[in-house]
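Everything on this sheet refers to the single structure shown next.
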Amino acid sequence: MRLPRLTGVMAGIVSLLLLGFPFSLPAEQPGNGLLFHLSGEGPGDGFTADYAHGDPEPAYLHEYTIIPDGFRGRAFSGPHSEDKLMAYLAPGNVYAERGTVSFFWRSRDPVGGMPFKLFYISACDQSSLDMTWLRIDYNGKGFEGFVTDANMARIRVSYTPPSFPAPDRWTHIALAWDETRGVRLFIDGTLAASRDTTVIFSCGLGLFNPHGRFASPGTVTSNCGHLRGGDIDEIAIYDRLLDEEQVKGLARGESAGNMEPLVRSMNEPRYQDEWRLRYGWNDPSHIPPYLDESSWIVRKVEIHDAYDQKKWVWRSNDGIRETSWPNVYNRSSLPGRSDYFIEPDWYCYSTSGKSITYTMPEEPWNYCELVGAAFGKASRVFLDREAQREADEPLFRRPQGRERTFHHAGRTFSGGKIRFENDVREIPLAEFMVYNVTPGLEPAAVHTMTYSLTAQSGQQNRTLDELEEFIRTRYPADERQTMLALPARANLTPAPETVASPLPLVHILVPA
């Protein structure tokens, strides 16, 4: 096979979406789908996880104690205090696309009408003060949980039992989610509430903890009205949505049973639809333009100024999918966001989210690629020198129900501004990327480095360790295929053992 060539000066990681490219995934050892298990019986003082696919050690630990009378053996007890902290790093221990969080919980003291949090997982970054991705609560009457999708809406489920569990009784709680199926809440092994939907959950995750207020990369706290503690035991996180029989086993203190490694196949319609939605192939009438020349120059035109009314915005042009325009604000109208915890997400105008204007640098551009759920129209804004005022002309309309869209302007512009106007205010736009795409060879430079792409292992190159660990803890097993960009005459190491049917995504590692 003739290997593709990568030319330029780069260091870092590039992710490629490859359709029909014949590569396969490094083999995983067969497992039972378990990513994280914390029982209190683990190594050392009991706060080290019994098993962790990511970091097994607590990132924050204060005032939690080990108690002997857990549901099974020892358990963890958090006081009713604003100083209690017990949080673990989420990367590798949770994957956003699908999973199940399972634990036993005991209130220890009677509950009242005030809601409090039982379990929390944060995003690694987000346009919301709390950065909450998943949460399980006591909502003042019963149990409630949600998962936040990539476009900031929250898929909620709730259950009010006929009588709330006594303070000395252990209750098993499990929240399960899947991009292709929705969200499920299980209480004592029984499906208590569910919501079927197809949505994008995929994102980078931060930390997780029981009780408390936040456990995000920005802060881990239990302050304000989040003093309530409790007892928790047998925290387990799985890499898939478990069914009711598997959760019944967990509720009995058993395992979820033996499971084969989860490898999605593009031959299965639900996984094919999931993939096409995420990468913009879900509408056959609107796909990326075909580049029919033998060589192309693609330059990203960086946007450094963007305004929503008079507020400077650094969200939909920061290169981070987890952040989006606009920031979420208090009592947001996005689905599922307004609840019994009022967080002051004030970092935008109360009228923000209707339009955003990007100032383009003085260089050519002709192509736009958008990510996020926002739909509406984009216009080019320019100075009409005859009228001595700003004028605008339509560029494109973005349809509803898309995550990633592609828009070729048909001609080349230079500088000016681009304004995007939302049809529905607040629907987020995660990335507005502008390029100049033209046929031709790479520009002349003082020095040019040429690489060959190979499916060889990079284990002999220590400069790639952090990148490989990032891929392992950020992406599910079937999205970890890598290739190396190697200069001429580089020594190749043997290719790793592979398994069939990885998803069509390849991460290209470019050594420093």
Side-chain angles (χ1 to χ4, degrees), residues 15-21 95-99 123 126-127 133-134 146-156 176-184 194-205 239-241 262-290 316 320-325 334-336 368-376 378 396-407 420 422-424 426-433 474-481 501-507:
S15 296
L16 284 185
L17 175 67
L18 299 181
L19 297 177
F21 225 87
Y95 291 105
E97 287 82 355
R98 50 192 42 81
Q126 204 182 69
S127 297
W133 179 75
L134 176 147
F146 66 74
V147 181
T148 306
D149 72 20
N151 292 298
M152 305 296 285
R154 289 174 171 170
I155 315 304
R156 289 182 174 270
W177 66 96
D178 188 302
E179 288 188 328
T180 67
R181 299 172 64 186
V183 177
R184 311 281 187 268
S194 66
R195 183 174 172 192
D196 294 335
T197 187
T198 300
V199 71
I200 297 172
F201 287 138
S202 178
C203 75
L205 301 177
D239 68 355
R240 66 200 72 191
L241 185 150
L262 177 64
V263 179
R264 291 168 285 173
S265 170
M266 292 295 283
N267 293 325
E268 293 186 49
R270 69 185 179 115
Y271 293 139
Q272 188 179 93
D273 292 344
E274 173 189 27
W275 194 255
R276 285 176 170 173
L277 174 62
R278 189 193 303 178
Y279 289 105
W281 296 87
N282 58 320
D283 181 359
S285 67
H286 187 94
I287 59 176
Y290 176 63
S316 59
I320 303 171
R321 173 60 185 91
E322 284 78 14
T323 63
S324 56
W325 162 82
L334 291 174
C368 301
E369 190 164 322
L370 279 64
V371 177
F375 56 99
F396 58 84
R397 269 207 74 84
R398 189 169 199 249
Q400 188 175 3
R402 304 297 302 277
E403 166 67 7
R404 183 180 290 264
T405 55
F406 319 91
H407 310 274
F420 180 81
N422 239 346
D423 282 359
V424 178
E426 270 195 271
I427 303 296
L429 186 61
E431 285 295 306
F432 195 107
M433 298 169 285
R474 168 64 178 85
Y475 293 92
D478 50 10
E479 294 184 31
R480 296 183 200 149
Q481 168 66 23
S501 300
L503 295 187
L505 174 73
V506 173
H507 306 279

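Numbers for residues simply follow the sequence, beginning at 1.
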Query raised in the report: In Å and rounded to the nearest 0.5 Å, what is the CD1 to CD distance from Ile200 to Glu274?
Result: 9.0 Å

Query raised in the report: Distance from Asp149 atom CG to Trp177 atom CH2, nearest 0.5 Å?
Result: 14.5 Å

Query raised in the report: With sequence neighbours left out, what residues match Arg398 under salt bridge (Lys or Arg N to Asp or Glu O under 4.0 Å)?
Result: none

Requested in this report: Quick one: closest heavy-atom pair of Trp281 and Tyr279, and the distance?
Outcome: CD1-O, 3.4 Å

Query raised in the report: Do Arg195 and Arg156 come within less than 4.5 Å of each other through their side chains, counting heavy atoms only?
Result: no

Query raised in the report: Taking only residues two or more places apart in sequence, or in another chain, which ones meet Glu179 in a salt bridge (Lys or Arg N to Asp or Glu O under 4.0 Å)?
Result: Arg278

Query - Straight-line distance of Met266 CE to Gln272 CD, nearest 0.5 Å - result: 5.5 Å

**Report entry** For Asn282, all residues meeting side-chain contact (heavy atoms from CB on, under 4.5 Å), sequence neighbours excluded
**Finding:** Arg276, Leu277, Arg402

Query - side-chain hydrogen bond (donor to acceptor under 3.5 Å, both in side chains) involving Thr148 - partner list, sequence neighbours excluded - result: Arg154

Report task. Drop me the distance from Gln400's CD to Asp423's CG, to the nearest 0.5 angstrom. Result -> 8.0 Å

**Report entry** Any donor-acceptor pair under 3.5 Å from His507 side chain to Arg480 backbone
**Finding:** no

Query raised in the report: Partners of Glu322 by side-chain contact (heavy atoms from CB on, under 4.5 Å), sequence neighbours excluded?
Result: Cys124, Asp125, Cys203, Ile320, Arg474

Query raised in the report: Checking Arg184 side chain against Ala176 main chain: does a donor-acceptor pair fall under 3.5 Å?
Result: no

Requested in this report: Taking all heavy atoms of Asp478 and all of Leu262, pick out the closest pair and write down the distance.
Outcome: OD2-O, 4.1 Å

Query raised in the report: side chain to side chain contact (heavy atoms under 4.5 Å, CB included) between Ile287 and Phe406: does it pass, once the steps are laid out?
Result: CA-CA 7 Å; Ile287 59 176; Phe406 319 91; 5.6 Å; no

Query - Closest contact, heavy atoms only, Met152 versus Ser324 - result: CG-OG, 3.7 Å

**Report entry** Test side-chain contact (heavy atoms from CB on, under 4.5 Å) applied to Phe396 - qualifying residues, sequence neighbours left out
**Finding:** Cys368, Leu370, Ala378, His407, Phe432

Query raised in the report: Do the side chains of Tyr271 and Leu503 get nearer than 4.5 Å, heavy atoms only?
Result: no

Query raised in the report: Does Thr180 have any side-chain hydrogen bond (donor to acceptor under 3.5 Å, both in side chains) partners at least two apart in sequence or in another chain, and if so, which?
Result: Asp178, Arg270

Report task. Report the residues that fulfil side-chain contact (heavy atoms from CB on, under 4.5 Å) with Ala374, sequence neighbours left out, ordered by chain and then residue number. Result -> Phe420, Asn422, Ile427, Leu429

Report summary line: Rounded to the nearest 0.5 Å, the CD atom of Glu479 sits from the CG atom of Leu505 at a distance of 6.0 Å

**Report entry** Set of salt bridge (Lys or Arg N to Asp or Glu O under 4.0 Å) partners for Asp273, sequence neighbours left out
**Finding:** none

Report summary line: Separation between CH2 (Trp133) and CZ (Phe201), nearest 0.5 Å, reads 7.0 Å

Requested in this report: Go through the structure and list residues passing salt bridge (Lys or Arg N to Asp or Glu O under 4.0 Å) with Arg181, not counting sequence neighbours.
Outcome: none

Query raised in the report: Under a 4.5 Å cut-off applied to non-hydrogen side-chain atoms, are Phe146 and Val183 in contact?
Result: no

Query raised in the report: Quick one: side-chain hydrogen bond (donor to acceptor under 3.5 Å, both in side chains) partners of Glu97, sequence neighbours excluded?
Result: Ser202

Query - Residue list, side-chain hydrogen bond (donor to acceptor under 3.5 Å, both in side chains) with Arg321, at least two apart or on another chain - result: Asn151, Glu403

